[in-house]
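All values below were derived from every heavy atom in this structure, side-chain atoms included, with hydrogens, water molecules and symmetry-related copies excluded. Whatever order the structure lists ligands and atoms in, that order sets their numbers, starting from 1.
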Amino acid sequence: MEVSVIMEKLFPPFHGWQFNRDGQCTKIPSIGDDDPQTAAPGVKVDAYPTIEKQGLIWAFLGDDPESAKPIMDIPELDDSQYAVIPYDVIFESNFHLAKFSNLDYVHLPIVHGIRFEDQENPYQPPPHTVEKTDYGMTAFIETESTYSKGAWSNVREEGTKVKSILKYFIAGQTLRGQVEIGAIGSGKFNCFYEFSTPIDRTRTMMRYYFFRNFMTHKWMNKMALKRNLKNIFEDKVIAEAQVPKYGPDGMSEIVGKHEDTVIKVYWDLMHEMKDKGWQIDYSAWNKLIEDGKYCVIPSVTRKNNPENWQYPAIPRINT
Ligand SMILES: [Fe+2]
């Protein structure tokens, strides 16, 4: 189905006005073939660049798409060695907290019972490396863990280490987690992709692809999904229990020094974006809402032509 048809079904038109990809009004059916810009000069809407990639639609919701970070590739989608299970669920939590449910190492033993058995303190993640990249960051960790206990215990011998690689992409709040679950060198990988889309300040759409290249029979999918969902729903409970619901927007100076390295780098990346003026000024926005003002996400169309907009842009910090 074409995107325009989907959009018409989702948002049935009132007067049928049409707009081009730059947001300019191109047709007003009630005036026939007359030029809309003559009949209603300057009528426009905010427009955002979008692309379709690997079955997902990516929109750049901002006015500086040249600064967009790279979008993650999903090579497993085209690899017949892998079985895939898609899943999505809404977390009633802020998108940062939703992201931490898979990004953070320290919660693994507490929330999921995945302890680091080769550590004197199995609740302490072993030394690991975190590298900043052009897309976000990559984290590597090698450990003997309780990860493959249960139904998948057959793929790994007790006492062997697993290697985990986490890749975090700023674009789309995307996470790729890969665990070589059958011990290092086994070639047996469990892989997940997580896309987090903020719906508002306290709700986040979480979409997942769960991949595995072992036990790939279709009849194993139910067990594999159940296993993955156990973790997701354990995370959901924790993320949704956090207060205040709308935060945080940055690393706390008080508790920050105790944070996991991955979380510290995550906040570094967020603070870099804030310094560029890419963070919402909630205080100013709330005031506009109180004043009855409806606000719109800033767009290129608006930046290039800042005059005569019906609604103001959502205010940002440092802009
Ligand atoms: Fe988790």
Counting neighbours of NZ on Lys27 that are heavy atoms of other residues, nucleotides or ligands and sit closer than 6.0 Å, is the number greater than 12? yes
Parallel, tilted or perpendicular: which describes the rings of Trp17 and His15, with under 30° parallel and over 60° perpendicular? tilted
From the Fe ion (ligand 1) out to just under 2.8 Å, does an N/O/S atom of Glu234 turn up? no
The atom of His107 among N, O or S that is nearest the Fe ion (ligand 1) is NE2
Is a side-chain donor or acceptor of Asn94 paired with a backbone partner of Lys245 at a separation under 3.5 angstrom? no
Tell me if the aromatic rings of Phe100 and His107 count as close, with their centers under 6.0 Å from one another. no
What angle, to the nearest 10°, do the atoms NE2 (His112) and O (Ser101) form about the Fe ion (ligand 1)? 180°
Tell me whether Asn102 has at least one N, O or S atom under 2.8 Å from the Fe ion (ligand 1). no
